There are 2 protein chains.
Amino acid sequence: MEEISDDELIGLSVKDLNKLLKGKDKAEVQILKQRRRTLKNRGYAANCREKRLSQKDILDNEKEQLEKEIHSLQAENAKTQLEVGQMNQTYAALLRFKSRQLQTQTVKSEVS
Amino acid sequence: MEEISDDELIGLSVKDLNKLLKGKDKAEVQILKQRRRTLKNRGYAANCREKRLSQKDILDNEKEQLEKEIHSLQAENAKTQLEVGQMNQTYAALLRFKSRQLQTQTVKSEVS
DNA sequence: ATGATTAGTCAGCAG
DNA sequence: CTGCTGACTAATCAT
């Protein structure tokens, strides 16, 4: 019989494989089918490992994104806090103005 | 010869193993040493798999922590923003007060 | 020699 | 049956 390469064996559909195996020995067919299964498994295993790695990459990236978001939020927070501080200063100045005015009015009404 | 169990074989140091193997056939010794190596490898592989899993767990946990931190920062931000809003209201009221006062003063100085 | 990691193999489960 | 995954083995790398 003609030798069939791993790649060919993997590439063939079961149907085509059966066509190719028409008049063969049953034992021989079994052996070939087993070889096909094994080759497929080899691919599945490689696939499985690759998937494992890419999922780790995904996790790493997600983590990195979250860290960026944290930094962004921290910056935003700091900015807002600064804003609050400035407002407090303005607020204090206005309060001083207000109490000065009230005092003046009081004095005026006292003399009137 | 007496059979030695996997656990025993794994547990023995090379030294003790050699003692035990004093008068043995060289081929037999080689086979036993290979069995020992294989058993050790089995353990290493299991260890490797476990490590892989625990590292994934670590990543997952870190991710979860980061998400918690994000939520915390978001809450903090919202709170501060609210504070800013309230301050803006007070600020606006004070500003109204201030301009009213200034107006009054202006009027008074005009009539005087 | 020892331990860790990778690729291939098989068993066994899921669809 | 096809595809995936856990565990085992052997080969290989590093210490």
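Below, chain A is the first sequence line, B the second, and so on; all start at residue 1. Computed from a predicted model, the values in this text were never measured in an experiment.
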- [ ] Any chance you could list the contact pattern along nucleotides 2-12 of chain C? Use B for base contacts, S for sugar-phosphate-only contacts and - for none, protein heavy atoms under 4.0 Å, 5' to 3'.
- [x] BBBB-BBBS-B

Task: Note, A/Lys56 side chain near A/Asp60 side chain (heavy atom, < 4.5 Å) - done: yes

- [ ] Could you walk me through whether A/Thr38 and A/Gln34 pass side-chain hydrogen bond (donor to acceptor under 3.5 Å, both in side chains), step by step?
- [x] CA-CA 6 Å; A/Thr38 298; A/Gln34 180 50 44; 3.1 Å; yes

Task: Nearest non-hydrogen partners of A/Glu8 and A/Ser5, listed with the distance - done: OE1-N, 2.9 Å

- [ ] Decide whether A/Asn77 and B/Lys79 meet the rule of one side-chain donor and one side-chain acceptor closer than 3.5 Å.
- [x] no

- [ ] State, to 0.1 Å, how close B/Asp6 and B/Arg35 come at their nearest heavy-atom pair, and which atoms those are.
- [x] OD1-NH1, 2.5 Å

Open item on the list: Measuring only between side-chain heavy atoms, which start at C-beta, is B/Glu50 closer than 4.5 Å to B/Ser54?
Closed with: no

TODO: For the helix from C/dA1-D/dT15 to C/dG15-D/dC1, figure out the bend between the end axes, five pairs an end, and round to 10 degrees.
DONE: 10°

- [ ] Under the side-chain contact (heavy atoms from CB on, under 4.5 Å) rule, collect the residues that match up with B/Lys63, sequence neighbours excluded.
- [x] A/Leu59, A/Glu62, A/Leu66, B/Glu67

- [ ] Would you tell me whether A/Asn18 and A/Lys33 have side-chain atoms, one donor and one acceptor, within less than 3.5 Å of each other?
- [x] yes

- [ ] Quickly work out the A/Leu9 CG to D/dC1 P distance and round it to whole Å.
- [x] 14 Å

Open item on the list: I need the CZ-P distance between B/Arg35 and D/dC8, as an integer number of Å.
Closed with: 15 Å

